[in-house]
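Written out below as structure tokens is the structure these notes cover.
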Amino acid sequence: MTFNPLAAQNVLECKNIIVNKNPEAIDLGSQTSSIDNNFISNIINQNSNINDFQKTNLESLKNKKNFSTKDYFNSIGFNDYKSIDINGAYESFQFDLNKNISETYNFNKKYDLVINNGTGEHVFNQYALFLNFHNLTKINGVMLNILPFIDWINHGFYNFNPIFFADLAASNNYKILKISLANRDGAELKLDSSDYSIMFEQIKPHRNNSKFNKMIEIAKEKIGKNILLVVALNKLSNDSFKIPLQGKYLSDILKFETDYKYQDKGSANAENQIPDDKKRK
């Protein structure tokens with residue numbers, strides 16, 4: 001996996017909203033840094049939220065001939081940075097993310113920031129992946145996802161739709177802090193929180209009034225092909241991880257006793273998310 005400019009700027013955003021003054025972070029996947037001195041200069045000069053401590057440390061980072069992903073995390077104020085990868089690279093915990101790492105490796109440490117940057121699409125067992133993601137995150141911690149959305153053909157097992165995170169959040173009491181479309185170089189197309197539901201719309205090929213489709217066309221024009229989905233979530237409780245049901249099907253099972261009875265609507269209220277009970281009528 002690659003720690004690119006998009007990941008670096010989003011990690012900085014997350015750092016500056018974490019309450020803990022000595023936060024710890026962990027990456028799902030060992031990360032080879034691809035950021036350089038030009039990026040460091042840009043992030044110092046163009047980021048209004050960066051503080052003096054971070055500026056000083058990042059300037060010092062530029063003096064190193066080669067700096068690691070861990071060096072970057074330390075420079076912006078993370079007290080510790082770790083990663084998990086079956087390959088064990090960069091001193092990562094050599095765990096298989098296809099397995100429940102709490103049960104398999106007796107690993108139960110929790111972190112203020114957990115990052116799923118270009119890893120989730122390569123893990124076949126999505127239940128284990130997001131269970132581990134949940135369990136690794138402290139209450140009030142941040143979960144950062146940067147994953148393939150459009151045109152990442154045969155890059156991994158999966159590409160991810162925005163509704164995946166709408167309903168993941170709805171079932172697990174996560175707050176969506178951010179959702180955007182982006183490229184690896186850091187260009188992002190963002191929405192205000194009041195407009196997030198636009199990205200949960202189902203795009204119908206026979207309709208030409210889709211707001212989300214227009215947003216995707218703008219993204220293709222402005223940021224190019226191979227569009228990434230960026231989603232930051234805030235974990236609000238220590239409840240056990242719950243598997244989500246796609247939002248539009250919740251109304252169809254109200255009369256049954258199911259595991260989904262406490263799930264919020266998530267993507268259900270978005271345009272063209274028509275449940276089967278309404279279709280049958």
Side-chain angles (χ1 to χ4, degrees), residues 14 17-20 23-29 80 82-86 92-117 119-147 157-158 160-179 193 196 200 229-269 275:
C14 291
I17 62 174
I18 291 171
V19 175
N20 187 355
E24 297 178 315
I26 192 165
D27 250 311
L28 305 183
D80 195 19
K82 301 291 186 184
S83 61
I84 294 173
D85 204 308
I86 196 171
S92 60
F93 296 113
Q94 197 167 5
F95 302 155
D96 183 356
L97 289 167
N98 279 301
K99 299 176 180 178
N100 180 332
I101 62 172
S102 175
E103 293 180 353
T104 306
Y105 306 103
N106 194 31
F107 189 82
N108 295 297
K109 184 171 173 58
K110 296 183 185 297
Y111 294 82
D112 302 281
L113 174 63
V114 185
I115 309 108
N116 178 20
N117 171 37
T119 297
E121 69 268 30
H122 304 293
V123 178
F124 188 84
N125 188 342
Q126 291 291 293
Y127 169 71
L129 175 78
F130 284 95
L131 171 69
N132 291 327
F133 203 6
H134 178 92
N135 290 342
L136 285 164
T137 309
K138 291 180 181 179
I139 186 169
N140 294 321
V142 178
M143 311 161 82
L144 175 62
N145 298 271
I146 303 175
L147 295 166
F157 289 131
Y158 309 100
F160 291 82
N161 286 307
I163 65 164
F164 180 97
F165 295 99
D167 295 326
L168 182 70
S171 63
N172 286 287
N173 196 23
Y174 302 154
K175 178 182 178 182
I176 299 177
L177 300 173
K178 174 183 181 177
I179 183 165
S193 58
Y196 286 164
F200 309 144
L229 181 66
V230 180
V231 184
L233 305 166
N234 186 203
K235 181 181 175 182
L236 300 178
S237 76
N238 273 330
D239 294 344
S240 298
F241 179 73
K242 297 179 182 65
I243 299 172
L245 184 72
Q246 187 174 335
K248 70 178 182 179
Y249 297 118
L250 290 169
S251 65
D252 201 21
I253 59 168
L254 287 174
K255 60 185 177 182
F256 303 110
E257 182 69 21
T258 72
D259 293 336
Y260 311 107
K261 61 182 178 181
Y262 298 117
Q263 180 178 328
D264 289 336
K265 291 184 178 180
S267 67
N269 291 333

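We're numbering straight along the sequence, starting at 1.
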Residue pairs passing the salt bridge (Lys or Arg N to Asp or Glu O under 4.0 Å) test where at least one lies in residues 103-113, sequence neighbours excluded: E24-K109, D112-K138
Side chain to side chain contact (heavy atoms under 4.5 Å, CB included) between L129 and N116, intermediate numbers included: CA-CA 9 Å; L129 175 78; N116 178 20; 4.3 Å; yes
Qualifying residues under side chain to side chain donor-acceptor pair (under 3.5 Å), relative to S237, sequence neighbours excluded: D239
Stepwise side chain to side chain contact (heavy atoms under 4.5 Å, CB included) test for D80 and I26: CA-CA 8 Å; D80 195 19; I26 192 165; over 6 Å; no
Interatomic distance, Q94 atom CD to I86 atom CD1 [nearest 0.5 angstrom]: 7.5 Å
Under 3.5 Å donor-acceptor, N135 side chain and N108 backbone: no
Under 3.5 Å: donor-acceptor pair, side chain of K235, backbone of T137: yes
Backbone of S102 reached by a side-chain donor or acceptor of N100 within 3.5 Å: yes
Short side-chain to backbone donor-acceptor contact, N98 and F124, under 3.5 Å: yes
Parallel, tilted or perpendicular: rings of F165 and F160 (30°, 60°): tilted
Backbone of L177 reached by a side-chain donor or acceptor of Y196 within 3.5 Å: yes
Y174 ring center near F133 ring center (under 6.0 Å): no
Backbone N/O of G141 and side chain of N234: donor-acceptor pair under 3.5 Å: yes
Check: L250 main-chain N/O paired with Q263 side-chain donor or acceptor under 3.5 Å: no
Beyond-backbone contact of F200 with N269, side-chain heavy atoms, under 4.5 angstrom: no
Distance in Å, I163 CD1 paired with L168 CG, rounded so as to fall on 0.5 Å steps: 12.0 Å
Residue pair F93, F95: steps toward the ring pair (Phe, Tyr, Trp, His ring centres under 6.0 Å) verdict: CA-CA 6 Å; F93 296 113; F95 302 155; 5.6 Å; yes
CA sep, side-chain torsions, deciding dist, call: L136, F107, side chain to side chain contact (heavy atoms under 4.5 Å, CB included): CA-CA 9 Å; L136 285 164; F107 189 82; 3.7 Å; yes
Pair listing, salt bridge (Lys or Arg N to Asp or Glu O under 4.0 Å) test, anchored in residues 163-178, at least two apart: E13-K178, K178-E188
Approximate separation, where rounding is to 0.5 Å, of S171 OG and D259 CG: 11.0 Å
Spacing of L131 atom CG and L97 atom CG [to the nearest 0.5 Å]: 11.0 Å
